[in-house]
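The block underneath contains the structure these notes are about, expressed in structure tokens.
Chain letters run A, B, ... following the sequence lines, proteins first and then strands; every chain starts at 1. All values reported here derive from a predicted model rather than from experimental measurement.
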2 protein chains.
Amino acid sequence: MKPSFEDLKQELKIKNINLSHQRLKVLEYLAQKHCHPTADQIFTDLQKDIPTLSKTTVYNTLRIMIDAGLVSGITIEDHETRYDIVTESHGHFKCESCGTIFDFPIDIDSLVPGSLSNFKINNKNVYFKGLCPRCLSKIHEIK
Amino acid sequence: MKPSFEDLKQELKIKNINLSHQRLKVLEYLAQKHCHPTADQIFTDLQKDIPTLSKTTVYNTLRIMIDAGLVSGITIEDHETRYDIVTESHGHFKCESCGTIFDFPIDIDSLVPGSLSNFKINNKNVYFKGLCPRCLSKIHEIK
DNA sequence: TTACTAATTTGTAATGATTATAAATTAGTA
DNA sequence: TACTAATTTATAATCATTACAAATTAGTAA
């Protein structure tokens, strides 16, 4: 269950982060679209609302949100980071054909291996790669 | 258990990939050092043996090995790929302080979630981030 | 060996995401 | 209203990776 935009605004206030117009728009975008956008996608879409928007601001804002723990950045190859409102434990599946990222439920906490008992684990990630149902069916059509 | 350098050479022969000097050196490096090096680390170290080595060759060779299924490239943030001889299922832990990557045993196959039943999964990855024991003890020393 | 062809390597330049920097703008406050 | 700090913006820099084309090397058949 994703936190609502209102919840997120609350969080920022608590952490003493100013709620500027640009920051709110970026956060709203992430809260509403659950599509794991790249920084560039966020920039391009928000530019329609905020014509003066700068890409640097998008990057700055994402950094601030990540540091505040509201947003996570995930990298699944392709040297492009995708951003996501932080939610409960889930895995990511990236389609190698269309690039879409899908969430899937997984109990990552049950994964804790005994061999890391002396490590401080801050962050756990599970990601799979392959083909999504839509791209699979396209391949069948071609054949 | 990592495959031996001889096993890997065998694999390449079977796949009809020429065993050039440069390719063998890259493969040998990965088979001997289990340190998940970056392309740049491989290049810098091998340059001592092969002064004429080009970084492009390192990238080319890694691409060929990945396509052949002998090597895997992992990206854990930081927009730098690290390379690794493909072995049985294991997770990766990256220390956020020193950057070292540690392997840990984990049964990734048991993770298959029912919600991905219509997806074709080619690749499964588990990575954690945090602090390794050595960096943890350094922090304690400072305090 | 020699000559020819294909594969490989190399160096340089291009790409593209991200970051650094500093000036311009905006917000907050007394 | 004036001042200060925070934020945004535009531009340039960085850095891993890729594209490309020339140079080298290897493989093979005469």
Contacting residues from residues 11-29 of chain A, given that a heavy atom lies under 4.0 angstrom of DNA chain D: A/Asn18, A/Ser20, A/Gln22, A/Arg23

Closest non-hydrogen atom pair between B/Glu96 and A/Asn122, with its separation: OE1-ND2, 2.8 Å

Between B/His92 and B/Asn125, a side-chain donor and acceptor under 3.5 Å: no

Test item: B/Thr38 and B/Gln41 side chains (from C-beta on) under 4.5 Å apart, heavy atoms: yes

Remaining members of hydrophobic cluster (4.5 Å side-chain criterion), A/Ile14: none

Cluster link A/Ile101 to A/Phe93, ILVMFWY, side chain under 4.5 Å: no

Closest non-hydrogen atom pair, B/Ile66 against B/Gly73: CD1-N, 4.2 Å

Summary of ring pair (Phe, Tyr, Trp, His ring centres under 6.0 Å) pairs that have at least one residue in residues 96-115 of chain B, sequence neighbours excluded: A/Phe119-B/Phe102, B/Phe104-B/Phe128

Close side-chain approach of A/Arg82 and A/Ile76, heavy atoms under 4.5 Å: no

Closest heavy-atom pair and its distance - A/Cys95, A/Leu131: SG-CA, 3.9 Å

Residues within residues 54-61 of chain B bordering DNA chain C, heavy-atom distance below 4.0 Å: B/Ser54, B/Thr56, B/Thr57, B/Asn60

Return all side-chain donor-acceptor pairs below 3.5 angstrom for residues 18-32 of chain B, not counting sequence neighbours, or 'none' if the list is empty.
unit_1  : atom_1 : unit_2  : atom_2 : d
B/Ser20 : OG     : B/Arg23 : N      : 3.2
B/Arg23 : NH1    : B/Asn18 : O      : 3.3
B/Tyr29 : OH     : B/Asp45 : OD2    : 2.5

By side-chain contact (heavy atoms from CB on, under 4.5 Å) - contacts of B/Asp67 (at least two apart): B/Arg63

For residues 51-58 of chain A, dump all side-chain donor-acceptor pairs below 3.5 Å to protein atoms at least two apart in sequence or in another chain.
unit_1  : atom_1 : unit_2  : atom_2 : d
A/Ser54 : OG     : A/Thr56 : N      : 3.0
A/Lys55 : NZ     : A/Asp40 : OD1    : 2.6

Members of residues 39-53 of chain B that approach DNA chain C, where some heavy atom sits under 4.0 Å away: B/Thr52, B/Leu53

Per-nucleotide pairing state of DNA chain C [Watson-Crick or G-U, under 3.5 Å; [ ] pseudoknot-crossing; | other strand]: ||||||||||||||||||||||||||||||

Atom-to-atom span, CZ of A/Arg63 to C1' of C/dT19 - whole angstrom: 9 Å

Over all atoms of both residues, closest heavy-atom pair of B/Leu136 and A/Lys120: CD1-N, 3.8 Å

Non-neighbouring partners of A/Asn16 that pass side chain to side chain donor-acceptor pair (under 3.5 Å), sequence neighbours left out: none

Ring pair (Phe, Tyr, Trp, His ring centres under 6.0 Å) partners of A/Tyr127, counting only residues at least two apart: B/Tyr127

Touch class at under 4.0 angstrom, heavy-atom based, for B/Thr81 against every strand present: sugar-phosphate

Bounds of contact between DNA chain D and chain A, in 5' to 3' order, using a heavy-atom cut-off under 4.0 Å: D/dA6 to D/dT17

